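A short worksheet on the structure shown next.
A note on names: the letters A, B, ... follow the listed sequences, proteins ahead of strands, and every chain is numbered from 1. Hydrogens, waters and symmetry mates are skipped; everything else that's a heavy atom, side chains included, is used. Values in this document were obtained by computation on a predicted structure and should not be read as measured data.
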There are 2 protein chains.
Amino acid sequence: MAEDISRFDICPCAVTISLLDSKWKILILRELLQGPKRYGELKKGVVGVSQKMLTQSLKEMQADQLVDRKVYPEVPPHVEYSLSSLGQSLYPVAEALENWGIAFIKNSDPDYLAKRFNIHEPGKHWLRIPDRSKE
Amino acid sequence: MAEDISRFDICPCAVTISLLDSKWKILILRELLQGPKRYGELKKGVVGVSQKMLTQSLKEMQADQLVDRKVYPEVPPHVEYSLSSLGQSLYPVAEALENWGIAFIKNSDPDYLAKRFNIHEPGKHWLRIPDRSKE
DNA sequence: CAGGATCCTTACGGATACTG
DNA sequence: CAGTATCCGTAAGGATCCTG
């Protein structure tokens, strides 16, 4: 089974990270793990993202088959984004990232964290991924 | 317990990704999961990395407490890098990333993958993380 | 409402040359 | 051997203005 992918000669870890690089995609993923959302909702949910980056990230995630885009032929326009089944399958990955991140944050010096992640302004509510363990 | 980190107002997933962003760090992590390595060994193991990026990545990983650096006072110089316990704790994360990456690669169009990840030159042996499940 | 199109700045990262 | 220092091109990403 490992042979099937060996010809690609590429690190699967790096692939996964590549698909999620730029914090915006992670935050978009987090939003969409809560269910389908409209463009405007994502814009508000992913605090700090520019229109350009949101659009661009969503396009890339569509190209990567992680996100589905549904257009409702209405006026004014109504576009809904949701996770594909592939996108949904990222849940365990997000969970692993979150668990490790929580432990890291707890064990790190607050001042270091603040500098490392440019946290000057509080209130940006970088929420956590939704908890599905009880569902 | 969630309250302990709530004041940081930051997404743990994004934190974890941030620490691993740039493919080089992932590949360095992969190398060091195999055990301590010297600078030159890493340079060879992480195929394609420039000296600048290797040094820079290692410095950041040290600052993030992921990597330990040990200098042997010899001539010629002998420096050994290894994962800290914090770095070692990334193993489950790497595993999750790898498992998802393998599935993604298997289910993706080879041509798309080649374009998406700029795979023109084969033989760069982006190996996978070491298997510890049988240890 | 959901974007497209531009401009512009910065910082990432490669190549090269040098050092204790 | 294990780096440091410098130059430099590219491209990521923010800000702004416009549109179906």
Side-chain angles (χ1 to χ4, degrees), chain A residues 11 14 17-28 31-32 36-64 67-82 115-121 124 126, chain B residues 11 14 17-28 31-32 36-64 67-82 115-121 124 126:
Chain A
C11 177
I17 286 280
S18 291
L19 296 186
L20 297 179
D21 68 356
S22 92
K23 67 178 180 184
W24 303 126
K25 289 185 184 177
I26 313 253
L27 300 179
I28 291 169
E31 291 297 310
L32 293 182
K37 301 221 172 181
R38 299 179 60 164
Y39 183 88
E41 295 179 291
L42 288 173
K43 186 78 172 58
K44 293 187 180 180
V46 183
V47 181
V49 71
S50 67
Q51 167 267 348
K52 177 179 177 180
M53 290 316 297
L54 178 56
T55 301
Q56 183 177 308
S57 299
L58 285 170
K59 277 187 177 173
E60 291 175 8
M61 293 173 84
Q62 285 175 72
D64 290 332
V67 163
D68 291 329
R69 181 176 184 266
K70 187 173 185 182
V71 180
Y72 295 83
E74 304 171 1
V75 180
H78 180 167
V79 179
E80 212 166 73
Y81 292 92
S82 59
K115 289 189 180 180
R116 179 70 167 81
F117 298 102
N118 290 321
I119 310 174
H120 351 72
E121 318 145 29
K124 286 206 169 191
W126 288 35
Chain B
C11 176
I17 286 280
S18 291
L19 295 186
L20 297 179
D21 67 357
S22 92
K23 68 178 181 187
W24 303 127
K25 288 186 185 175
I26 312 251
L27 300 178
I28 291 170
E31 291 297 309
L32 293 182
K37 301 221 173 179
R38 300 179 59 164
Y39 183 88
E41 294 180 291
L42 288 173
K43 186 79 172 61
K44 293 187 180 180
V46 183
V47 181
V49 72
S50 67
Q51 162 268 0
K52 178 180 178 178
M53 290 315 296
L54 178 57
T55 302
Q56 182 178 308
S57 298
L58 285 170
K59 277 188 177 173
E60 291 175 7
M61 294 174 84
Q62 286 174 72
D64 289 335
V67 163
D68 290 330
R69 180 176 184 267
K70 187 173 184 182
V71 180
Y72 295 84
E74 305 172 1
V75 179
H78 181 169
V79 179
E80 211 166 73
Y81 292 92
S82 58
K115 288 189 180 179
R116 179 68 168 82
F117 298 102
N118 288 323
I119 308 174
H120 352 71
E121 318 146 29
K124 286 207 168 190
W126 288 35

Sugar-phosphate only, base, or nothing, as touched by Tyr81(A) at under 4.0 Å among non-hydrogen atoms: sugar-phosphate
Among dC1(D), dG3(D), dG13(C), the nucleotide that comes nearest once only the side chain of Pro76(B) is considered: dC1(D)
Side-chain donor/acceptor contact of Gln51(A) with base of dG4(C) under 3.5 Å: yes
Between C1' of dA2(C) and NZ of Lys70(A), the distance in whole Å: 17 Å
Sugar-phosphate only, base, or nothing, as touched by Pro77(B) at under 4.0 Å among non-hydrogen atoms: base
Lys52(A) side-chain proximity, nearest of dC7(C), dG13(C), dC1(D): dC7(C)
Verdict with supporting geometry, Val46(A) and Glu31(A), side chain to side chain contact (heavy atoms under 4.5 Å, CB included): CA-CA 8 Å; Val46(A) 183; Glu31(A) 291 297 310; 3.8 Å; yes
Minimal non-hydrogen separation, Tyr81(B) against Leu32(B), with atom names: O-CD2, 3.5 Å
CA sep, side-chain torsions, deciding dist, call: Arg69(B), Tyr39(B), side chain to side chain contact (heavy atoms under 4.5 Å, CB included): CA-CA 10 Å; Arg69(B) 180 176 184 267; Tyr39(B) 183 88; over 6 Å; no
Nearest-Å distance for atom pair NZ/P, residues Lys59(B) and dG13(C): 16 Å
Interatomic distance where CD belongs to Gln56(B) and P belongs to dA15(C) [whole Å]: 15 Å
Value rounded to 0.5 Å, distance of NZ in Lys23(B) from SG in Cys11(A): 10.5 Å
Which nucleotide in dG3(D), dG3(C), dG14(D) has an atom nearest any side-chain atom of Ser50(A): dG14(D)
Spacing of Glu60(A) atom CD relative to dG3(C) atom P, expressed in whole Å: 15 Å
Interatomic distance, Glu41(B) CD vs dG3(D) C1' [rounded to whole Å]: 16 Å
Selection from dG13(D), dG3(C), dA2(D) that lies nearest to any side-chain heavy atom of Val79(B): dA2(D)
5' priority, DNA chain C, between Ser22(B) and Glu80(A) [closest heavy atom]: Glu80(A)
Considering all heavy atoms, the nearest Met61(A)-Ile28(A) contact: SD-CG2, 3.9 Å
Interatomic distance, Lys37(B) NZ vs dC1(D) P [rounded to whole Å]: 16 Å
Any Arg69(B) side-chain nitrogen or oxygen under 4.0 Å from OP1 or OP2 of dG3(D): yes
Glu74(B) CD to dC1(D) P, straight-line distance once rounded to whole Å: 13 Å
Value in whole Å for how far the P atom of dC12(C) lies from CE of Met53(B): 8 Å
Phosphate contact (dC1(D) OP1 or OP2) by Arg38(B) side-chain N/O below 4.0 Å: no
